[in-house]
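Below you'll find the structure, written out as C-alpha cells, and then a few comments.
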Protein chains: 2
Amino acid sequence: MIDTKNTSRSRGRPRRFDADEGVATAQQLFHARGYDAVSVADMTEALGINPPSFYAAFGSKAGLYARVLDRYAATGAVPLADLLRPDRPVAECLAAVLEAAARQYVADPVATGCLVVEGTRCDDPGARNAACAAQAHAEAVIRAFIAARHPEAADRMTDFVSSTMSGLSAKARNGLDADRLLAIARMAGRAVAQELSGKAG
Amino acid sequence: MIDTKNTSRSRGRPRRFDADEGVATAQQLFHARGYDAVSVADMTEALGINPPSFYAAFGSKAGLYARVLDRYAATGAVPLADLLRPDRPVAECLAAVLEAAARQYVADPVATGCLVVEGTRCDDPGARNAACAAQAHAEAVIRAFIAARHPEAADRMTDFVSSTMSGLSAKARNGLDADRLLAIARMAGRAVAQELSGKAG
DNA sequence: TATTTTTTGTATCAATCACTACATAAACCT
DNA sequence: AGGTTTATGTAGTGATTGATACAAAAAATA
C-alpha cells in the first residue's frame with residue numbers, strides 16, 4: 001500500500017491539486033499534441049494551476065514529461081511484459097506486439113500514435129533524450145526476448161519490429177483508422193514469422 | 001529554355017540574392033533540423049539576407065517550405081517515376097523503392113530521413129498540410145502503379161510500403177546507419193513479394 | 001533629368017516562449 | 001499564540017517567435 005494521499009500530512013501549506021492527476025492530464029495533452037506544441041501556459045491552464053505551482057511540483061516542462069513517460073510505460077504503452085511470453089513462439093509474440101500497437105495507436109482518437117516514438121523527434125534536447133531512452137529500453141526488452149531463442153536474428157528482427165512500430169505511429173498520426181493499421185501490423189507480423197522460420201519466398 | 005536569369009531585366013532595384021539558390025539552402029536547413037526548429041532568423045542568416053527581403057521573395061516561412069517541397073520532389077526524393085517500371089515485376093519495383101529510401105534517408109548525414117514524411121508532423125498547419133499533400137501524391141503514384149497489375153492488393157500494399165517508408169525515415173532520424181536501414185527495407189521488400197505472390201507462410 | 005518601381009537595411013512590432021521574484025496564505029510544530 | 005515551512009496568486013523576467021513600417025537605394029522608363 002503506497003501512501004498516495006499522504007495521510008501523515010507534511011508541514012507547510014498543502015497542495016491545492018493532486019500532482020499524480022496532473023501527470024495524467026499532462027500525459028493526455030502531450031500525447032494529443034506532442035511535446036513541442038504544448039506550452040507551459042497550455043499545461044498550467046489544463047491543470048488549473050499557476051506557473052509557480054507548476055514549477056514547484058514538476059521542476060520544468062521536460063521534468064513533467066519525464067514523469068509522463070514513466071506513467072505511459074505503466075498505463076498507456078504496449079504491454080511488452082504481457083505479450084512477450086516465453087511459452088509461445090517468438091514470431092507469434094512479436095505479431096501480437098505489432099497488433100497491440102496498431103490498436104493502441106488509435107485507441108484514443110485525440111491522442112494517436114505512440115507517445116514515446118513521437119517524443120523521440122521533438123525539438124527539446126532533454127525531452128527528446130528521455131523519449132529516446134524509453135524507446136531504447138523497449139527495444140532492449142524485445143531484443144532480449146528474441147535473442148533467447150533466435151540469437152542470430154535478434155538485432156535485425158528488433159530493428160524491423162521497432163521500425164514497423166514507428167511507421168504505425170506515424171500513420172496513426174496521419175489519420176489511418178484501426179483497420180488499415182491492423183492490416184499493416186499483420187503483414188509485418190507475417191514477415192517476421194516468415195523470416196524466423198527460415199523459409200525462402 | 002526557361003529564362004531563369006531573367007535576361008530582360010524588370011523594373012526596380014535588382015535582387016541582391018538568387019531566390020532559387022535560397023530555396024536550395026532552405027531545403028538543406030529544413031531537412032536537417034525540421035520545419036519547426038528552423039526560425040525565420042536562422043533562415044535569413046543562412047541566406048545572408050534580412051527579413052524584409054525574405055518575405056518579399058517567399059511570402060512566409062510556410063511559403064518557402066512549399067517551394068522547398070517542390071524542389072525536394074525534383075532533386076532529393078525517391079525517384080518513383082524511375083523505379084516504378086511497368087516492364088518489371090511490381091514487387092521488384094516496390095522493393096527497389098524501399099531500398100532507395102533506405103539509402104537516401106542517410107545519404108546526407110546532417111539531413112536524415114524524408115523531408116516530406118517528417119514535415120507531415122510539424123506544428124505549423126500550413127506547412128503540415130503541404131507536406132501531407134506531397135505524401136498523398138506519392139502514395140497515389142504508388143497505388144496506381146500497383147493497381148495496374150494487382151488491383152485488389154493496391155490499397156493495403158500501398159499502406160504497407162508507405163508505413164515502412166515512414167518507419168525508415170523515423171529510424172534514420174534516430175541514428176540508424178545505412179546497413180541497418182537497408183536490412184529493414186529488404187525484409188519489407190521480401191514481405192511485399194511474398195504477399196503479392198499469394199503464397200502462404 | 002524626373003518619375004516610377006522594386007529591393008534593400010534599420011529598427012522594430014505584438015505575441016508567445018519557458019521560467020521566476022515576491023509577498024501572502026495556509027498548514028504543522030513548539 | 002508564535003514561529004516555521006511550504007504552496008499559492010500576482011505580476012512579471014528576458015529571449016525568441018513570425019512578420020512589418022519606413023525610408024533610402026538602385027534599377028528601368030518617361
Side-chain angles (χ1 to χ4, degrees), chain A residues 3 5-23 25-26 29-30 33-68 119 122-130, chain B residues 3 5-23 25-26 29-30 33-68 119 122-130:
Chain A
D3 190 8
K5 287 283 179 181
N6 224 0
T7 50
S8 66
R9 197 163 255 143
S10 58
R11 291 183 62 146
R13 180 173 176 170
R15 276 230 179 87
R16 209 177 55 83
F17 71 103
D18 186 290
D20 290 327
E21 284 180 18
V23 174
T25 302
L29 213 48
F30 279 139
R33 296 200 227 152
Y35 182 86
D36 294 320
V38 178
S39 70
V40 172
D42 293 333
M43 190 60 78
T44 54
E45 187 188 356
L47 299 179
I49 61 177
N50 294 312
S53 298
F54 176 87
Y55 285 97
F58 307 115
S60 67
K61 186 186 172 187
L64 172 58
Y65 186 68
R67 289 188 58 171
V68 165
C122 79
D123 291 328
D124 181 86
R128 184 174 58 242
N129 289 341
Chain B
D3 190 8
K5 288 284 181 184
N6 222 3
T7 50
S8 67
R9 195 164 255 144
S10 59
R11 287 183 64 145
R13 179 172 176 170
R15 278 232 176 86
R16 209 178 55 83
F17 71 103
D18 186 291
D20 289 327
E21 283 179 19
V23 174
T25 302
L29 214 47
F30 279 138
R33 294 201 228 153
Y35 181 86
D36 293 320
V38 179
S39 71
V40 173
D42 294 333
M43 191 60 78
T44 55
E45 188 188 355
L47 299 179
I49 61 178
N50 293 313
S53 298
F54 176 87
Y55 285 98
F58 306 116
S60 67
K61 185 186 171 187
L64 172 57
Y65 186 67
R67 290 188 57 172
V68 164
C122 80
D123 291 328
D124 180 86
R128 184 173 58 243
N129 288 341

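A note on names: the letters A, B, ... follow the listed sequences, proteins ahead of strands, and every chain is numbered from 1.
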With rounding to the nearest 0.5 angstrom, report the CG to CZ distance, A:Asp36 to A:Arg128.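 The CG atom of A:Asp36 sits 9.0 Å away from the CZ atom of A:Arg128.
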Drop me the distance from B:Asp124's CG to B:Ser60's OG, to the nearest 0.5 angstrom. 8.0 Å
Earlier contact from the 5' end, DNA chain C, for A:Pro51 and B:Gly48: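 The 5'-side residue here is B:Gly48.
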pair [X]-[Y]: side-chain heavy atoms closer than 4.5 Å:
X	Y	answer
B:Met43	B:Thr25	no
B:Asp123	A:Arg33	no
B:Leu47	B:Phe58	yes

When you check the phosphate oxygens OP1 and OP2 of [N], does a side-chain N or O of [X] lie under 4.0 Å from one of them?
X	N	result
B:Tyr55	D:dA19	yes
A:Ser39	C:dT16	no
B:Asn50	C:dT8	no
A:Ser53	D:dA7	no

Starting at atom [atom1] of [X], determine the distance to atom [atom2] of [N], rounded to an integer number of angstrom.
X	N	atom1	atom2	result
B:Lys61	D:dA19	NZ	P	8 Å
B:Asp123	C:dT16	CG	P	15 Å
B:Asp124	D:dA19	CG	C1'	13 Å
B:Glu45	D:dT17	CD	C1'	16 Å
B:Ile49	D:dA19	CD1	C1'	13 Å
B:Met43	D:dG18	CE	P	10 Å
B:Leu64	D:dA19	CG	C1'	14 Å
B:Phe54	C:dT7	CZ	C1'	16 Å

Heavy-atom contacts, protein to nucleotides 21-30 of chain C, under 4.0 Å, summarised as B (base), S (sugar-phosphate only) or - (none) per nt, yield B---BBBBS-
Ignoring hydrogens and geometry beyond distance, is a side-chain donor-acceptor pair present between B:Ser53 and B:Asn50 at under 3.5 Å?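 Side chains of B:Ser53 and B:Asn50: no pair found under 3.5 Å.
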May I ask you to say what A:Phe17 touches in the nucleic acid, namely base, sugar-phosphate or nothing, with a heavy-atom cut-off under 4.0 Å? sugar-phosphate
Closest to the B:Arg15 side chain, choosing from C:dG9, C:dT7, D:dT17: C:dT7
Does the plane of the ring in B:Tyr65 sit parallel, tilted or perpendicular to the ring in B:Tyr35? Use 30° and 60° as the thresholds. perpendicular
